[in-house]
Amino acid sequence: MPVKPRLLITRKLTDAVLARAARDYDVMINAEDRVFGSAELIAKCQEFDAVLPCHSEHFSADVISALPKRLKIIANHSVGVDHVDLAAAKDAGVVVTNTPDVLSDATAEIAMLCMLGAARRGAEGDAMIRAGKWDFWSPAFMVGRQVTGKRFGVLGMGRVGQVAAERARGFGMTVHYHNRKPVPEHLAKGAVFHDTVEGLFGNSDVLSLHCPATKDTTGIINKDTLTMLPDRAILVNTARGNLVNEDDLVAALESGKLFAAGLDVFRDEPGGNPRISALKNVFLLPHIGSATEETRDAMGYRALDNLDAYFKGRDPGDRVA
């Protein structure tokens, strides 16, 4: 019987995914389901041919340089790969894959939840009832913003951005977007392309972030770009926390420049930002954009598909390095 490749799985995945992995690989699982720091990650990887991490594990250039020669593939359980130094991996001859497509619907659903929660003051209302403080009603009580007929701005018209745009159309919203280049019309579906960030932001009553985290997009939401938005706009972020300068976001929310924000991601995770959490006009979630049973299974299977292809001598379909 052929020897199975040794696979390190850094976090607890779904039972179905773990069962398939155990069938095809010699697997070690992080039973405590905790984040490995750099030193521990290096140590854990030493006896393995492959690693299947999540975005919580960071493969910096230093970590990659310390990986054993036998480890030849990092099959991520995520679509974002900003936690992996791709250039270092390429130089080291380590293949890197991700899991695109399968989480687009789930993440777009969370974007809609964040938009509606922010626009209709969902967190504030929920907290009021739970605290037993709902003792008043009038036509002026808990008035929010209606999204129907408003302009939905998409920063990053990739897979998730396209699905979010489609969901926004269900609310009668007109879609505007900025991308590195226009997407084909059969994908844009009438969405208005803006070739500058300023053009998009000026036409976004709701701005939803769906771009990857890169050196060019880090901090793209800041005091200067926030002024480009219409007064009382709503910001939605289900992409990556480091797209936003959180100090500048707090200032915009406190001043009333922004009506509200709906956030699923933060610069510091887990934990978030206490200054943001203290604001009433923010709807908050703990990075659960892809957290559905169906999507978690699909992400795990996609990562395993990439591993299967590699160990059968084929180029993985989702290779990014």
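Just so you know, residue 1 is the first one in the sequence shown, and it goes up from there.
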Are side-chain heavy atoms of [X] and [Y] found at a separation under 4.5 Å?
{"X": "T238", "Y": "C114", "result": "yes"}
{"X": "P212", "Y": "T217", "result": "no"}
{"X": "D126", "Y": "R130", "result": "yes"}
{"X": "F152", "Y": "S204", "result": "no"}
{"X": "V63", "Y": "H58", "result": "no"}
{"X": "V81", "Y": "L86", "result": "yes"}
{"X": "T97", "Y": "N76", "result": "no"}
{"X": "P230", "Y": "R151", "result": "yes"}

Closest non-hydrogen atom pair between [X] and [Y], with its separation:
{"X": "A75", "Y": "P53", "value": "O-CD, 3.4 Å"}
{"X": "A164", "Y": "A108", "value": "N-CB, 3.7 Å"}
{"X": "V95", "Y": "P316", "value": "CG1-CG, 4.2 Å"}
{"X": "T225", "Y": "I220", "value": "OG1-O, 2.7 Å"}
{"X": "A165", "Y": "V154", "value": "CB-CG2, 4.3 Å"}
{"X": "A111", "Y": "S208", "value": "CB-OG, 4.2 Å"}

Inter- and intrachain pairs under ring-ring contact (aromatic ring centres under 6.0 Å, His included), touching residues 176-235, at least two apart: H176-H194, Y177-F193
Side chain to side chain contact (heavy atoms under 4.5 Å, CB included) between V94 and I73, worked out: CA-CA 5 Å; V94 176; I73 179 169; 5.7 Å; no
Rounded distance [0.5 Å steps], [atom1] in [X] versus [atom2] in [Y]:
{"X": "D305", "Y": "T99", "atom1": "CG", "atom2": "OG1", "result": "11.0 Å"}
{"X": "R267", "Y": "L243", "atom1": "CZ", "atom2": "CG", "result": "9.0 Å"}
{"X": "L285", "Y": "N237", "atom1": "CG", "atom2": "CG", "result": "11.5 Å"}
{"X": "K69", "Y": "L71", "atom1": "NZ", "atom2": "CG", "result": "11.5 Å"}
{"X": "F48", "Y": "I9", "atom1": "CZ", "atom2": "CD1", "result": "9.5 Å"}
{"X": "K257", "Y": "T227", "atom1": "NZ", "atom2": "OG1", "result": "6.5 Å"}

Residues D85 and S60: side-chain donor-acceptor under 3.5 angstrom: no
Side-chain H-bond candidate by donor/acceptor type, D318 with N306, under 3.5 Å: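 There is such a pair between these side chains.
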Test log, rule salt bridge (Lys or Arg N to Asp or Glu O under 4.0 Å), inputs K4 and D24: CA-CA 7 Å; K4 296 179 180 179; D24 298 331; over 6 Å; no
is_close_aromatic(H55, H77), centroid dist under 6.0 Å: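 No, ring centres 6.0 Å or more apart.
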Residues K312, D315; criterion salt bridge (Lys or Arg N to Asp or Glu O under 4.0 Å); working and verdict: CA-CA 9 Å; K312 290 177 181 177; D315 198 36; over 6 Å; no
Trace of the side chain to side chain contact (heavy atoms under 4.5 Å, CB included) decision for V35 with E57: CA-CA 7 Å; V35 177; E57 283 71 54; 4.1 Å; yes
ILVMFWY cluster, [X] and [Y] together (side-chain gap under 4.5 Å):
{"X": "L279", "Y": "M115", "value": "no"}
{"X": "V51", "Y": "V96", "value": "yes"}
{"X": "V206", "Y": "I110", "value": "no"}

Contacts of N273 that satisfy side-chain contact (heavy atoms from CB on, under 4.5 Å) - sequence neighbours left out: E246, R275, I276
Which residues share a side-chain contact (heavy atoms from CB on, under 4.5 Å) with T196, sequence neighbours left out: E198
CA sep, side-chain torsions, deciding dist, call: N30, F36, side chain to side chain contact (heavy atoms under 4.5 Å, CB included): CA-CA 9 Å; N30 177 4; F36 292 147; 3.6 Å; yes
Steps toward salt bridge (Lys or Arg N to Asp or Glu O under 4.0 Å) verdict (D105, R167): CA-CA 9 Å; D105 287 330; R167 301 294 181 266; 3.1 Å; yes
By salt bridge (charged side-chain N to carboxylate O under 4.0 Å, His left out) - contacts of D308 (at least two apart):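 Listed in chain order: R20.
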Side chain to side chain contact (heavy atoms under 4.5 Å, CB included) assessment of I29 paired with L18: CA-CA 9 Å; I29 299 167; L18 292 177; 3.8 Å; yes
Residues in ring-ring contact (aromatic ring centres under 6.0 Å, His included) contact with F171, at least two apart in sequence or another chain: none
Qualifying residues under ring-ring contact (aromatic ring centres under 6.0 Å, His included), relative to H83, sequence neighbours excluded: none
Got a salt bridge between [X] and [Y], using NZ or NE/NH1/NH2 to carboxylate O under 4.0 Å?
{"X": "D101", "Y": "R302", "answer": "yes"}
{"X": "E40", "Y": "R34", "answer": "yes"}
{"X": "R6", "Y": "D49", "answer": "no"}

Enclosure of E293 CD (heavy-atom neighbours >12, cutoff 6.0 Å):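 It does not: E293 CD has 12 such atoms or fewer within range.
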Geometric class of the W134/F141 ring pair [parallel <30°, tilted 30-60°, perpendicular >60°]: parallel
